[in-house]
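A short write-up of the structure that comes next.
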Amino acid sequence: MKLKGLRWYIILLIGLATVINYIDRSAINIMWPYIYHEFGIADIDSKSTLALITTFFMLAYALGQTFTGKLMDSIGTRLGMAVSIAGWSISIALHALARSLFSFNIFRFFLGFFEAGNWPGATKSNAEWFPAKERAIAQGIFGAGASLGSVVSAPVIALLFIAFGWKATFLLIGGLGLIWVIPWLVVNKANPDKHPWITKEEKEHILSCEVASPDAALNAPVLTWSELLKIRSTWGIILGRFFIDPVWWLFVTWLPTFLKEQFLFDIKQIGAFTWVPYLFAAIGSLSGGFYSSRLVKNGVEPEKARKSAVTVGCVLMLGALLAILFYLSSLKEQPMLAMCLIGITLFGFQFLIGNLQTLPSDYFNGKNVGTVAGMGGTAAVVGTLFTTWAVPVITRTSYVSFFVLAAVLVPVTWLSVKFMSSKKLN
């Protein structure tokens, strides 16, 4: 049997895994403002407790990014992705058994560790299945999965919570990932050079590009972490992720709490409004991929095309965040305007992040791609931890400092990526 366009089935499955990833991780942020009393948490401590829960998740996520990056390079993306999603699906289902904040945090830790594998796994899979001119589109589809997951998570979690309660909600969403493993193992039988279903034309298309060549990947030296840290391009990726990812997580973690505190929303209203910014983000993810891929097809070097997309995304983000700060006092009476401005911020983030995540496969070959992608992911989590700890302190009286923090991080990100090396190293 031959299957035309096999690479697109692979990336669509990865995109679906990312949707499930975001449904699972977003569940606690959506339900927390309405369940913290069941754990004996006082109103005044609700945000600091959510920050603690998020810290357990993010610490594990940081470890998981690096170690699952190595895992993908060691056992391959087929098995690596299956282990990752099965692990996080079991972990999210176990949340239903939590009887104390301690047990909740333990389950959250395992969720973060296994969910981290989705990112280096997707980056490495895209390097295997797509030539450079299509790689940003593939990464855009994958990134759109994150946004789409956030779009559907709010109404889905709200409906399940209202109908069945928080424990059954965790059990039900845990089953999604276990079901996903079946088609993944069936469709993704091998890499494109050995897959029995791939057509001759598609195989030649994928392997025609020099950077996608199996010989180049095979002959690329496998560098240690210390060797990679001596390379300027590695640091550009690490610093770029360190500064920009916290902006995304500021909204993923705190948007439901922001809406409850600033607009007095109940969970039905949060389900009705929260999806709007993430719809913007999904469109931004696809747009960023098409933008840089169009530049590559027009003869621009891949890494320069990615950097151009990063610049566009940063401009959009900074403009929207400054507008929010300017109009913040009046946005309480205009929740939809607030959602649209936050949406433009997340549009810009997703426009650039897929391109930033693609840079490891532009600069590196072979078994270094997943490792560098994982290092960047770990840096992203470390940066996010600092902002997570800061939010309960800086939002005690207002959210002005919240948006100032987000705005400051954007130009710093641009500077980090702008001065990366533009020379492919191996």
Side-chain angles (χ1 to χ4, degrees), residues 14 16-33 35-36 38-39 49-69 71-72 80-122 145-146 148-150 152-154 156-157 160-161 165-181 184 245-246 248-249 251-257 374 377-378 380-382 384-385 388-389:
I14 291 176
L16 180 59
T18 311
V19 171
I20 297 170
N21 187 297
Y22 263 81
I23 291 174
D24 290 355
R25 76 172 58 182
S26 299
I28 183 60
N29 301 320
I30 295 167
M31 294 190 289
W32 182 251
I35 68 172
Y36 63 80
E38 296 192 30
F39 291 90
T49 305
L50 180 57
L52 176 64
I53 293 171
T54 304
T55 296
F56 272 83
F57 177 89
M58 298 305 294
L59 285 172
Y61 200 71
L63 293 172
Q65 285 279 352
T66 294
F67 283 100
T68 57
L71 177 70
M72 300 298 169
M81 287 289 290
V83 169
S84 178
I85 195 167
W88 91 57
S89 298
I90 294 170
S91 299
I92 194 66
L94 287 173
H95 281 51
L97 303 180
R99 294 294 180 267
S100 66
L101 190 60
F102 175 78
S103 59
F104 206 96
N105 284 333
I106 295 299
F107 298 144
R108 202 73 189 161
F109 184 90
F110 285 111
L111 176 70
F113 184 87
F114 286 108
E115 279 206 342
N118 197 59
W119 270 254
L148 183 59
S150 297
V152 302
S153 63
V156 167
I157 298 300
L160 290 176
F161 175 79
W166 67 270
K167 295 179 181 179
T169 298
F170 283 126
L171 287 172
L172 290 170
I173 62 178
L176 295 174
L178 297 177
I179 295 172
W180 176 91
V181 172
W184 172 256
D245 278 69
W248 172 259
W249 281 93
F251 293 101
V252 168
T253 303
W254 300 106
L255 184 57
T257 301
T378 297
V381 175
V382 173
T384 300
L385 281 173
T388 299
W389 297 331

Rounding to 0.5 Å, atoms CD1 (I92) and CD1 (I28) come to a distance of 8.0 Å
S84 side chain to G80 backbone, donor-acceptor under 3.5 Å
no
OG1 of T169 to CD1 of I35, rounded to nearest 0.5 Å, is 9.0 Å
Across all chains, not counting sequence neighbours, the side chain to side chain contact (heavy atoms under 4.5 Å, CB included) partners of L178 are A86, S89, I90
So CG of L111 and OH of Y61: to nearest 0.5 Å the spacing works out to 10.0 Å
Quick note, salt bridge (Lys or Arg N to Asp or Glu O under 4.0 Å) partners involving residues 81-95, not counting sequence neighbours, are none
Exercise for the section: Assess whether side-chain contact (heavy atoms from CB on, under 4.5 Å) is satisfied between W180 and M81, documenting all intermediate values. Expected result: CA-CA 10 Å; W180 176 91; M81 287 289 290; 4.3 Å; yes
Check: What's the verdict on side-chain contact (heavy atoms from CB on, under 4.5 Å) for V156 and F161, showing C-alpha distance, side-chain angles and the deciding distance?
Finding: CA-CA 8 Å; V156 167; F161 175 79; over 6 Å; no
Side chain to side chain contact (heavy atoms under 4.5 Å, CB included) filter on A27, not counting sequence neighbours, yields M31, I157, F170, I173
Nearest heavy-atom approach of A98 to S103 is CA-OG, 3.5 Å
Tightest non-hydrogen contact, residues L97 and F107, listed as C-CE1, 4.2 Å
Self-check item: Donor-acceptor under 3.5 Å (N105 side chain, L101 main chain)
Solution: yes
Contacts satisfying salt bridge (Lys or Arg N to Asp or Glu O under 4.0 Å) that involve residues 80-103 (not counting sequence neighbours) are none
Atom pairs and distances, donor-acceptor, side-chain atoms in residues 50-58, under 3.5 Å, two or more places apart:
from: T54; atom 1: OG1; to: L50; atom 2: O; distance (Å): 2.8
from: T55; atom 1: OG1; to: A51; atom 2: O; distance (Å): 2.7
from: T55; atom 1: OG1; to: W389; atom 2: NE1; distance (Å): 2.7

Rounding to 0.5 Å, atoms CG (N21) and CG (L176) come to a distance of 12.0 Å
Sorted by chain and residue number, the salt bridge (Lys or Arg N to Asp or Glu O under 4.0 Å) partners of R25 (sequence neighbours excluded) come out as E115
Hits for ring-ring contact (aromatic ring centres under 6.0 Å, His included) against F104, two or more places apart or cross-chain, chain-then-number order -> F39, H95
Contacts of F114 meeting ring-ring contact (aromatic ring centres under 6.0 Å, His included) (sequence neighbours excluded), chain-then-number -> none
| message | With a sphere of 6.0 Å drawn around CZ of F110, does it hold more than 12 non-hydrogen atoms of other residues, nucleotides or ligands? | response | no
The side chain to side chain donor-acceptor pair (under 3.5 Å) partners of W249 (sequence neighbours excluded) come to none
The side chain to side chain donor-acceptor pair (under 3.5 Å) partners of W166 (sequence neighbours excluded) come to E38
*Is there a donor-acceptor pair closer than 3.5 Å between any side-chain N or O of S153 and the backbone N or O of I23?*
no
In this structure, CG of L255 is separated from OG of S26 (nearest 0.5 Å) by 10.0 Å
With sequence neighbours left out, the residues meeting side chain to side chain donor-acceptor pair (under 3.5 Å) with D24 are W88
When every non-hydrogen atom of I85 is compared with those of V181, the smallest separation belongs to CG2-CG2, 3.4 Å
Hits for side chain to side chain donor-acceptor pair (under 3.5 Å) against T18, two or more places apart or cross-chain, chain-then-number order -> N118
To the nearest 0.5 Å, atom CG of N29 lies from atom OG1 of T253 at 5.0 Å
Q.
Working note: Y22 + V252, criterion side-chain contact (heavy atoms from CB on, under 4.5 Å); need CA distance, chi angles, decisive distance, verdict.
A. CA-CA 9 Å; Y22 263 81; V252 168; 4.2 Å; yes
